[in-house]
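Below is one structure, written out as structure tokens, with a few remarks after it.
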Number of protein chains: 2
Amino acid sequence: MSILSETSSDRGTVTQLRAYLAQAELPDDGRLPPERDLSEALGVSRTELRKALGTLEAEGQIWRHVGKGTFVGSRPIDTFADLTALARRTNPAEVMRARLIMEPEIARAAALTATPMQIAEMRACQARTREAATWRQYENWDHRLHRTIAEAAQNIPLLGLFDTLNALRRAVTWGRLRSNPVKPSPDHHSFAEHQAIVDAIENRDMNGAAAAMRTHLRTVERNLLDRQTLPGE
Amino acid sequence: MSILSETSSDRGTVTQLRAYLAQAELPDDGRLPPERDLSEALGVSRTELRKALGTLEAEGQIWRHVGKGTFVGSRPIDTFADLTALARRTNPAEVMRARLIMEPEIARAAALTATPMQIAEMRACQARTREAATWRQYENWDHRLHRTIAEAAQNIPLLGLFDTLNALRRAVTWGRLRSNPVKPSPDHHSFAEHQAIVDAIENRDMNGAAAAMRTHLRTVERNLLDRQTLPGE
DNA sequence: GATCCAAACCAATCCAATATTGGTTGAACA
DNA sequence: TGTTCAACCAATATTGGATTGGTTTGGATC
């Protein structure tokens, strides 16, 4: 017998199941009873019921998921709607790569559209990172700098994506221990790199801004991978 | 006394609190001890501590949330929750610009990492768009093509951002009616443009892929702005 | 009488333990 | 063989209790 064909009893269970679906009163979300209950209700073994459910799922009539249950209709599209779900499937290195792809282009756009006020704010953030007394403060201002650049791109959707990526970064990095010196050293690589980025933006040098941001993030990436104990930027 | 002014003891507590923040070792997430503990540690009443915390929160130094706790820094923004809020503040042109910034870079990355299977799927999608009998079908396969390219970049966070942007696109375009001819004309601009993108990816031509994607999206953008009644791609 | 404080209460949130649920395996059995 | 049943597994849901910022209250203090 071919793998695809069904035994006569299977066919019987499938039709029985179809009848049940047509008649049964299902809750709002279209969920049907757990297999254990349903098999008893229909008077068939769970094994047999599962085979029948399998055919119906192959037909697209129902969909199932462990821990959730079995539902009529088609499986909702998996559009990473959930941040935590996303965070579980990725890692810091991947997030870093994503930043490396996105942020240079954001910086490029910012070079075109940044307002004087925004540039001034970037300078301010830059100064604050230098004065930071702790890594925490440093990171706050560093993040604020990067976000100001994203704001300067004058594009709401893009800013939304930036925020999303950052939320993801926090979710993924979470639990990472910070061994650490007390504060960033005065010759920390980021200072000069930040400077280069903001300079390029101020000069309306789009390619320069993108390149500077890329350089910066590459350094951050290297630090992240080499000595994971240190915050990267 | 004005509502805004502080008593002398309040001022004292605020400075005491500032000192504490500067000196204290905070956990990774910047959370500070619960009010009940902190008030005892600082030797002030909870009422007074709360007033001081209120001042600091007004200054933007900290943020608080019931059940969560009190944290230093600025309140995080959760983008996923309010996609609709995001959609309300933007418009199709801005979303298009965001795509124009993101997708070429995604295509560039895809040129480097796409698997033969993924390239085959791109070809399949491409063929399906040509055979589409309705605009709806066309759009389905077009979207699938673009998403396959995003998948080919082999980067979960990036794919998440792509999905987010697409969800946003749907939310913004929503309600826009599609007048339109019954189906895409056989010489629709996208066919050749899609071809160029997939070709470049197959040839591992990163710059070519990015350029082809940019060209494609520019055409889409032009169509979107000119005759908004037609679906762009 | 006006403040201030401690305690109690409230609702949102977190957290850990427990229960469900689809998926899988293996032994018993026909 | 092929079926059934029970046990187990991992993902998810659910539940109850503990935390935590926010609010109210009654009494103490000056």
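Values in this document were obtained by computation on a predicted structure and should not be read as measured data.
Of the residues A:H194, A:H146, A:E193, A:E105, the one that meets the side chain to side chain contact (heavy atoms under 4.5 Å, CB included) test with A:M213 is A:H146.
In the set C:dT24, D:dG21, C:dT13, the nucleotide with an atom closest to the side chain of B:V66 is D:dG21. Residue B:R50 places its side chain closer to D:dT23 than to any other of C:dG23, C:dA6, D:dT23. Picking from C:dG22, C:dA6, D:dG21 the nucleotide with the shortest atom distance to the side chain of B:T70 gives D:dG21. Closest contact between the side chain of A:K51 and the listed nucleotides C:dT21, D:dT3, D:dA11 involves D:dT3.
Judged by atom type and distance alone, B:R36 reaches the base of D:dG22 through a side-chain donor-acceptor pair under 3.5 Å.
Atom CG of B:L49 and atom P of D:dG22 are 11 Å apart (whole Å). Whole-Å rounding puts the B:K68 NZ to C:dA12 C1' distance at 9 Å. Residue A:L42 contributes atom CG, which lies 14 Å from atom P of D:dT4 at whole-angstrom precision. One interatomic measurement links the two molecules: CZ of B:F71 to C1' of D:dT19, which rounds to 12 Å at whole-angstrom precision. When rounded to the nearest whole Å, the span between CH2 of B:W63 and C1' of C:dA12 equals 13 Å.
Put simply, the side chain of A:N166 does not reach to within 4.5 Å of the side chain of A:R147, judged on heavy atoms. Taking 4.5 Å as the limit, some side-chain heavy atom of B:R18 sits within range of a side-chain heavy atom of B:L56. A:M102 is listed as a side-chain neighbour of B:L158, based on a closest heavy-atom distance under 4.5 Å.
The nearest pair of heavy atoms linking A:F71 to A:D29 is CD2-O, 3.5 Å. The nearest pair of heavy atoms linking A:A110 to A:I149 is CB-O, 3.5 Å.
Contact annotation: A:R46 does not reach the phosphate of C:dT21 (side-chain N/O to OP1 or OP2, under 4.0 Å).
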Derivation and outcome, side-chain contact (heavy atoms from CB on, under 4.5 Å), residues B:E121 and B:M117: CA-CA 6 Å; B:E121 189 171 348; B:M117 232 184 69; 5.7 Å; no

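Nearer to the 5' terminus of DNA chain C, by closest-nucleotide assignment, is the contact made by B:V44 (compared with the other of A:E57 and B:V44).
Taken over five-pair windows at either terminus, the axes of the helix from C:dG1-D:dC30 to C:dA30-D:dT1 are inclined to one another by 20° (rounded to 10 degrees).
Contacts of B:S45 with the nucleic acid, taken as non-hydrogen atoms under 4.0 Å apart, involve only primed sugar atoms and P, OP1 or OP2.
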